[in-house]
Amino acid sequence: MARVGLTTGRLVRAGAELADEVGFEQVTVSALARRFDVKVASLYSHLKNSQDLKTRIALLALAEMADRAAEALAGRSGKDALGAFADVYRDYALAHPGRYTAARYPLDAETAAASAGPRHAQLTRAILRGYDLPEPDQTHAVRLLGSVFHGYVSLETAGGFAHSAPDSQESWTRIVDALDSLLRNWPTR
């Protein structure tokens, strides 16, 4: 019998909070059971195993980021949209480091297709329409933006910019400016 008050949604949200506190790699069904002061077996009516928990946290993180990005992009275009989109990813990673890591968790093809992951690509392509990039250049630009955003955020959250000037916010702003310039002047073959 399921423990009163425990639901899959509540467990996933608690798992996401745990990921932000101790790191996504440390999230297990056992750690979650300790958080609720219940036996591990109590959670198995809601979760299959730790992989299922991590997959669900990844899906939550992808959905949260996509929702924030969609809201941030509403009514914006060009550089304004690019900056808002970039800030969503950076702000989310800084506020929710475990969830941000979870969003990179490998999903099987069917789960990935049903996740908010495709929304991220659609939102990125919506920004790129303002730069009038044709295919396959749009795909290259989607990959470039994802690589730059993820690379910068990964280095920043690991403390890579904490001990040098200028401030990382200044660098972030300059990087978004440079990306805007690159997208407006995309190289042709």
Side-chain angles (χ1 to χ4, degrees), residues 16 19-20 23-25 55 57-189:
D20 289 338
F24 182 66
E25 301 78 17
T55 296
I57 295 168
L59 295 173
L60 173 69
L62 287 168
E64 286 177 343
M65 285 195 301
D67 290 346
R68 289 176 185 200
E71 186 177 315
L73 289 177
R76 297 179 186 214
S77 63
K79 183 179 176 185
D80 189 35
L82 177 65
F85 188 73
D87 287 345
V88 164
Y89 281 85
R90 182 172 179 239
D91 294 347
Y92 189 85
L94 294 173
H96 302 289
R99 293 179 209 204
Y100 183 78
T101 299
R104 270 82 199 119
Y105 189 67
L107 303 173
D108 64 73
E110 185 178 331
T111 304
S115 76
R119 281 182 60 207
H120 291 264
Q122 291 167 348
L123 292 165
T124 307
R125 287 178 186 279
I127 293 166
L128 294 175
R129 280 195 292 276
Y131 291 97
D132 200 28
L133 293 180
E135 278 298 349
D137 291 326
Q138 225 180 67
T139 298
H140 298 312
V142 167
R143 292 173 180 167
L144 171 71
L145 293 176
S147 298
V148 171
F149 298 159
H150 178 65
Y152 191 90
V153 164
S154 296
L155 290 169
E156 184 177 30
T157 57
F161 309 132
H163 305 293
S164 63
D167 179 70
S168 65
Q169 178 59 48
E170 184 179 338
S171 294
W172 181 252
T173 301
R174 295 291 304 271
I175 287 168
V176 172
D177 289 345
L179 288 171
D180 172 64
S181 179
L182 172 64
L183 292 170
R184 283 186 285 108
N185 300 288
W186 191 261
T188 59
R189 289 196 153 186

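A quick note: this is a predicted structure, and the numbers were derived from the prediction, not measured.
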Atom [atom1] in [X], atom [atom2] in [Y]: separation rounded to 0.5 Å?
X    : Y    : atom1 : atom2 : result
H140 : L128 : NE2   : CG    : 12.5 Å
L133 : I127 : CG    : CD1   : 12.0 Å
T111 : Y105 : OG1   : OH    : 10.5 Å
T124 : Q138 : OG1   : CD    : 10.0 Å
F149 : I175 : CZ    : CD1   : 10.0 Å
L62  : H120 : CG    : NE2   : 4.5 Å

Checking D108 against T55 for the side chain to side chain contact (heavy atoms under 4.5 Å, CB included) test, could you report, in this order, the C-alpha distance in whole Å, the side-chain angles of both residues, the deciding distance, and whether it holds? CA-CA 10 Å; D108 64 73; T55 296; over 6 Å; no
Could you give me the CA-CA distance, side-chain angles and deciding distance for L94 and Y89, then say whether side chain to side chain contact (heavy atoms under 4.5 Å, CB included) is met? CA-CA 9 Å; L94 294 173; Y89 281 85; over 6 Å; no
Step by step, would you call R68 with D91 a salt bridge (Lys or Arg N to Asp or Glu O under 4.0 Å)? CA-CA 10 Å; R68 289 176 185 200; D91 294 347; over 6 Å; no
Show the nearest heavy-atom pair for residues [X] and [Y], with the distance to one decimal.
X    : Y    : answer
S168 : F161 : CB-CB, 4.0 Å
A19  : R99  : CB-N, 4.4 Å
L123 : A69  : CD1-CB, 3.8 Å

When you measure from the side chain of [X] to the backbone N and O of [Y], does any donor-acceptor pair fall under 3.5 Å?
X    : Y    : result
S154 : G151 : no
S115 : A112 : yes
T173 : Q169 : yes

Considering residues, nucleotides and ligands other than E135, do more than 12 of their heavy atoms fall under 6.0 Å from its CD? yes
Residues Y100 and D20: side-chain donor-acceptor under 3.5 angstrom: no
Quick one: side chain to side chain contact (heavy atoms under 4.5 Å, CB included) partners of P166, sequence neighbours excluded? E170, S171
Using the side chain to side chain contact (heavy atoms under 4.5 Å, CB included) rule, take T157 and T101 through it: C-alpha gap first, then chi angles, then the decisive distance, then the call. CA-CA 11 Å; T157 57; T101 299; over 6 Å; no
If you look only at distance, which donor and acceptor atoms sit under 3.5 Å apart when one is on a side chain in residues 71-87 and the other is two or more places apart or in another chain?
{"from": "R76", "atom 1": "NE", "to": "A72", "atom 2": "O", "distance (Å)": "3.1"}
{"from": "K79", "atom 1": "NZ", "to": "D177", "atom 2": "OD1", "distance (Å)": "2.7"}
{"from": "D87", "atom 1": "OD1", "to": "W172", "atom 2": "NE1", "distance (Å)": "2.8"}

Is there any salt bridge (Lys or Arg N to Asp or Glu O under 4.0 Å) pair reaching into residues 138-164, and which pairs are they, with sequence neighbours excluded? R90-E156
